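What you see is a predicted model, and the numbers here were worked out from it, not measured in a lab.
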Amino acid sequence: QVQLVESGGGLVQAGGSLRLTCAASGRTFSSYTMGWFRQAPGKEREFVGAISWSGGATYYADSVKGRFTISRDNAKNTVYLQMNSLKPEDTAVYYCAARLGSGLEDNPNNYPYWGQGTQVTVSS
């Protein structure tokens, strides 16, 4: 089992950048595929991106491709979401999630472990 804690959210102007961090507990962090999701008020939880256990493969939603980058440091049990060129429509609570297995899944139902989320607000 793994426990996840996100940090790094905040208020930023459109065009700005933020880096979110997800810290994981447990000695088997490198066994997990990690995903980032977001949920805006009144909307369903939305896939942002995922990274393989080794960090060698990533997969992004079209809405963030070219602006967001996921990376991980298995030695620090940490995964990052670098967000650049932020837009007001990126405003949401951002969650990291973990799953065992190698697939870069975009369905939140395939991730059994979740953090509590961190708020990102982008002003116009």
Side-chain angles (χ1 to χ4, degrees):
Q1 190 166 351
V2 63
Q3 293 182 325
L4 306 172
V5 178
E6 302 95 335
S7 62
L11 174 64
V12 63
Q13 288 188 334
S17 298
L18 279 176
R19 188 176 81 158
L20 305 184
T21 298
C22 175
S25 65
R27 291 175 289 180
T28 59
F29 174 72
S30 60
S31 301
Y32 290 86
T33 294
M34 300 298 296
W36 284 97
F37 293 80
R38 65 188 181 185
Q39 189 166 18
K43 295 188 176 181
E44 293 186 351
R45 194 162 294 190
E46 175 189 25
F47 173 74
V48 173
I51 188 167
S52 64
W53 65 270
S54 68
T58 53
Y59 170 44
Y60 299 95
D62 288 343
S63 59
V64 307
K65 199 174 296 181
R67 300 188 297 123
F68 291 11
T69 303
I70 299 174
S71 61
R72 68 189 295 164
D73 185 340
N74 287 341
K76 295 182 178 180
N77 280 14
T78 303
V79 63
Y80 305 98
L81 178 64
Q82 177 67 44
M83 304 185 294
N84 298 329
S85 302
L86 282 161
K87 305 174 181 179
E89 51 263 43
D90 294 318
T91 295
V93 177
Y94 282 71
Y95 299 89
C96 69
R99 63 182 299 273
L100 288 171
S102 57
L104 299 179
E105 297 282 348
D106 58 10
N107 185 337
N109 294 325
N110 292 329
Y111 290 80
Y113 306 108
W114 291 83
Q116 83 290 348
T118 185
Q119 177 70 47
V120 171
T121 303
V122 184
S123 63
S124 57

### Query
Name the one of Val79, Thr118, Val48, Ile70 that satisfies side-chain contact (heavy atoms from CB on, under 4.5 Å) with Leu20?
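For Leu20, the side-chain contact (heavy atoms from CB on, under 4.5 Å) test succeeds with only one of Val79, Thr118, Val48, Ile70, which is Thr118.
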
How long is the span from the [atom1] atom in [X] to the [atom2] atom in [Y], to the nearest 0.5 Å?
| X | Y | atom1 | atom2 | value |
| --- | --- | --- | --- | --- |
| Arg45 | Asn107 | CZ | CG | 12.0 Å |
| Ser71 | Met34 | OG | CE | 11.5 Å |
| Ser7 | Tyr94 | OG | OH | 15.0 Å |

### Task
Using the test side chain to side chain donor-acceptor pair (under 3.5 Å), find all partners of Asn110 that sit at least two apart in sequence or belong to another chain.
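Partners of Asn110 by the side chain to side chain donor-acceptor pair (under 3.5 Å) criterion, ordered by chain and then number, come out as Glu105.
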
#### Entry: Partners passing side chain to side chain donor-acceptor pair (under 3.5 Å) against Gln3 (at least two apart in sequence or in another chain)
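Testing Gln3 for side chain to side chain donor-acceptor pair (under 3.5 Å), a comparison that skips the adjacent residues, returns none.
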
Within a strict 4.5 Å, meaning less than it, do heavy atoms of the [X] and [Y] side chains meet?
| X | Y | value |
| --- | --- | --- |
| Tyr32 | Tyr113 | yes |
| Glu46 | Ser63 | yes |
| Arg38 | Val64 | yes |
| Thr69 | Tyr60 | yes |
| Gln119 | Thr91 | yes |

Common cluster, [X]/[Y], ILVMFWY with side-chain heavy-atom separation under 4.5 Å:
| X | Y | answer |
| --- | --- | --- |
| Met83 | Tyr95 | no |
| Trp53 | Ile51 | no |
| Leu81 | Val120 | yes |
| Leu104 | Phe47 | yes |
| Tyr80 | Leu86 | no |

Nearest non-hydrogen partners of [X] and [Y], listed with the distance:
| X | Y | answer |
| --- | --- | --- |
| Cys96 | Glu6 | N-OE2, 2.8 Å |
| Thr33 | Gly101 | OG1-O, 2.6 Å |
| Ala98 | Pro112 | O-CD, 3.2 Å |
| Thr78 | Ala23 | OG1-CA, 4.5 Å |
| Asn74 | Phe29 | OD1-CE2, 3.2 Å |
| Pro88 | Ala14 | CD-CB, 4.1 Å |

### Task
Quick one: do Tyr111 and Arg99 satisfy side chain to side chain donor-acceptor pair (under 3.5 Å)? Show the steps, please.
CA-CA 5 Å; Tyr111 290 80; Arg99 63 182 299 273; 5.4 Å; no

### Task
Show your reasoning for whether side-chain contact (heavy atoms from CB on, under 4.5 Å) applies to Ser31 and Leu100.
CA-CA 6 Å; Ser31 301; Leu100 288 171; 3.9 Å; yes

### Task
Using the six-membered ring wherever Trp is involved, compare the ring planes of Phe37 and Trp114 and label them parallel, tilted or perpendicular (cut-offs 30° and 60°).
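Phe37 and Trp114: tilted rings.
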
### Message
For residues 54-73, which residue pairs pass the salt bridge (Lys or Arg N to Asp or Glu O under 4.0 Å) check, not counting sequence neighbours?
### Response
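Checked against salt bridge (Lys or Arg N to Asp or Glu O under 4.0 Å) - neighbours excluded - the pairs reaching residues 54-73 are Asp62-Lys65, Arg67-Asp90.
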
